[in-house]
Amino acid sequence: MNNREWLHLSENTTGPRYFVNESGEIIQFFGMARAQCCAQSCEDGPYGGAAGVARHFKNLGCNVIRLAVDITDLSKEKGIADEILLRGGYNEAGINRFIDEKVDPDLQAIMNEGMYVILDLHEYPPQGADEVAYAREHYIPIWRELAKRYKDEPRIAVFELWNEPYPADIALVQKDDAAWVKSIREYFIDAVEDLRRIDQKHVIMVSDYNAGWGMAWDTCWKDYRHLVDPVYRNTCYSIHLCNIQLENEAPHYADWLVRRAEECNACFVFGEIETEPGIATTVGMENLVKLLRESADTHHFAAVLWRPHDDTSNYVPVWTDFAREYTAR
């Protein structure tokens with residue numbers, strides 16, 4: 001193992017935090033997703049699977065792949081089965097068969113291409129269920145087994161515990177329901193504590209109660225950030241972006257991100273920047289590049305685009321030269 005590969009968050013107690021390696025060198029991420037849920041429809045053909053995605057976007061200047069692991073669930077879409085239940089259930093044996101068959105092949109393919117990985121449990125709780133209770137019962141056991149398997153793997157940059165947590169009743173988001181906010185915060189605090197019994201080295205990423213969108217971080221974490229990972233202080237926060245933040249509200253939102261990182265000694269990871277046709281624009285991508293370029297010497301934000309599609313709809317002409325510059329700094 002090359003210890004220089006291990007990443008952790010900078011240890012400064014004031015100002016923004018960011019990724020550094022064991023030699024203290026700053027690592028700036030710009031990357032792409034490997035979305036297992038839509039691999040057959042838009043990745044395996046044009047890119048040739050996980051290795052092809054990693055190879056292609058590495059050539060375009062990226063240095064990290066967010067591996068969005070697909071579990072699926074019977075309640076999401078009729079006829080689609082829960083992948084872990086098919087392999088034996090939410091127990092050690094069933095989860096490890098799932099890792100063997102579904103996670104590890106893609107993970108190894110990406111790492112073999114020389115890319116870092118954000119390992120993302122990319123799943124939504126069943127509609128109508130008690131979302132946090134479901135996450136505690138299903139997601140934490142998965143992460144225990146993932147942590148046991150990969151606790152000594154330095155090329156995994158981040159464990160992302162839960163993609164886009166949100167309540168099935170959207171009204172709860174709209175009114176900042178205190179009970180929902182508290183429950184999702186407590187879930188992440190407990191999940192991080194559970195994982196730290198197994199893995200003390202990896203950076204762990206948590207979200208807020210509104211799926212990482214908007215400015216919900218303030219309500220969920222601003223006054224409570226000392227409660228998550230208090231011993232190891234190696235936890236970052238997921239922020240998702242699309243044209244609402246990158247175009248319609250760009251100056252206000254960019255200012256908020258920069259100031260919050262500074263004021264709260266926080267590391268924000270832009271873990272999902274939408275490049276979906278219709279919810280991203282050239283102007284929005286230009287504003288993203290502007291934000292990253294202007295904060296490159298101080299904040300060192302990590303940014304990951306959401307799923308490949310093709311180079312036209314990923315706005316490659318806007319970001320690729322910048323990505324090469326950003327990741328090489």
Side-chain angles (χ1 to χ4, degrees), residues 7-20 26-31 118 158 160 164-166 173-174 176 178 181-182 184-185 188-189 192 203-230 233-274 280-281 283-306 319 322-323 325-327 329:
L7 302 185
H8 57 89
L9 296 186
S10 57
E11 296 179 358
N12 53 297
T13 56
T14 60
R17 301 181 71 205
Y18 41 82
F19 290 89
V20 296
I26 296 169
I27 304 298
Q28 295 188 158
F29 283 129
F30 194 101
I118 295 174
V158 178
E160 181 177 359
E164 296 192 348
Y166 69 96
V173 171
Q174 294 170 345
D176 289 0
V181 177
K182 184 173 183 289
I184 198 67
R185 180 169 56 239
F188 279 120
I189 291 169
V192 171
V203 177
I204 297 177
M205 182 150 61
V206 302
S207 185
D208 58 52
Y209 69 92
N210 189 25
W213 295 99
M215 298 178 182
W217 187 87
D218 278 357
T219 305
C220 198
W221 290 115
K222 184 181 177 185
D223 296 329
Y224 301 92
R225 60 194 186 280
H226 61 287
L227 298 176
V228 62
D229 204 18
R233 292 189 71 246
N234 211 24
T235 302
C236 59
Y237 300 94
S238 171
I239 300 289
H240 288 188
L241 303 170
C242 67
N243 66 332
I244 296 173
Q245 293 84 23
L246 293 175
E247 183 174 353
N248 301 356
E249 303 172 359
H252 174 61
Y253 201 71
D255 179 67
W256 175 79
L257 286 165
V258 167
R259 283 191 297 105
R260 282 295 178 273
E262 293 170 352
E263 296 167 355
C264 297
N265 190 217
C267 176
F268 291 140
V269 174
F270 308 148
E272 190 165 310
I273 300 159
E274 296 287 356
T281 65
V283 171
M285 291 301 294
E286 289 172 343
N287 286 334
L288 170 69
V289 169
K290 180 175 183 289
L291 167 62
L292 295 176
R293 179 174 283 124
E294 289 180 349
S295 58
D297 293 328
T298 51
H299 293 66
H300 315 290
F301 289 123
V304 184
L305 306 179
W306 173 240
W319 61 258
F322 165 76
E325 166 201 334
Y326 193 68
T327 58
R329 290 172 67 94

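Heads up: numbering here begins at 1 and tracks the sequence.
Listed here is the closest heavy atom pair of E11 and R17: CA-NH2, 4.4 Å. Closest approach of N265 to R233, counting heavy atoms only: OD1-NH2, 2.8 Å. Summarising the geometry of N12 relative to G15, their closest heavy-atom pair is ND2-O, 3.4 Å, with the distance given to 0.1 Å. Across L292 and Y326, no two heavy atoms sit closer than the pair O-CE1, 3.7 Å. The shortest non-hydrogen separation linking N210 to A216 is CB-CB, 3.5 Å. Taking every heavy atom of both residues into account, H240 and Y253 meet most closely at O-OH, 4.3 Å.
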### Task
Tell me, with the steps shown, if V269 and Y237 meet side-chain contact (heavy atoms from CB on, under 4.5 Å).
CA-CA 6 Å; V269 174; Y237 300 94; over 6 Å; no
### Query
Between L257 and I239, is a side-chain contact (heavy atoms from CB on, under 4.5 Å) present by the stated rule, with each step listed?
CA-CA 9 Å; L257 286 165; I239 300 289; 4.1 Å; yes
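Taken to the nearest 0.5 Å, the CD atom of E249 stands 10.0 Å off from the CG atom of N243. E247 contributes atom CD, which lies 13.5 Å from atom CG of L241 (distance to the nearest 0.5 angstrom). For the atom pair CG (N234) and CG (L9), the distance works out to 4.5 Å, reported to the nearest 0.5 Å. Interatomic distance, SG of C220 versus NZ of K182, reported as 12.0 Å (0.5 Å rounding). Residue K222 holds its NZ atom at 4.0 Å from CZ of R260, rounded to the nearest 0.5 Å. How far OG of S238 is from CD1 of I118: 9.0 Å, rounded to the nearest 0.5 Å.
Two residues are said to be in side-chain contact when any heavy atoms from C-beta on lie closer than 4.5 Å; F188 and P165 meet this criterion. Taking the side chain as every heavy atom from C-beta outward, F29 and V158 never approach each other to under 4.5 Å. Using a 4.5 Å heavy-atom cutoff, the side chains of R185 and W221 are in contact. Side-chain atoms of T219 and D208, non-hydrogen and from C-beta on, never get closer than 4.5 Å to each other. Contact annotation: the side chain of L305 approaches that of W319 to within less than 4.5 Å [non-hydrogen atoms, C-beta and beyond]. V304 places none of its side-chain heavy atoms less than 4.5 Å from the side chain of E272. The shortest distance between side-chain heavy atoms of I273 and W306 does not fall below 4.5 Å.
Side chains of Q245 and W213: a donor-acceptor N/O pair is absent below 3.5 angstrom, by distance only. Checking E262 against H299 by side-chain atom types alone, a donor-acceptor pair falls below 3.5 Å.
Not a single donor-acceptor pair under 3.5 Å links the side chain of R225 to the backbone N or O of A266.
Partner of Y18 under the side-chain contact (heavy atoms from CB on, under 4.5 Å) criterion, out of T298, I27, I26: I26 alone.
A parallel orientation is assigned to the rings of F268 and W256, their planes being inclined by less than 30° (bins at 30° and 60°).
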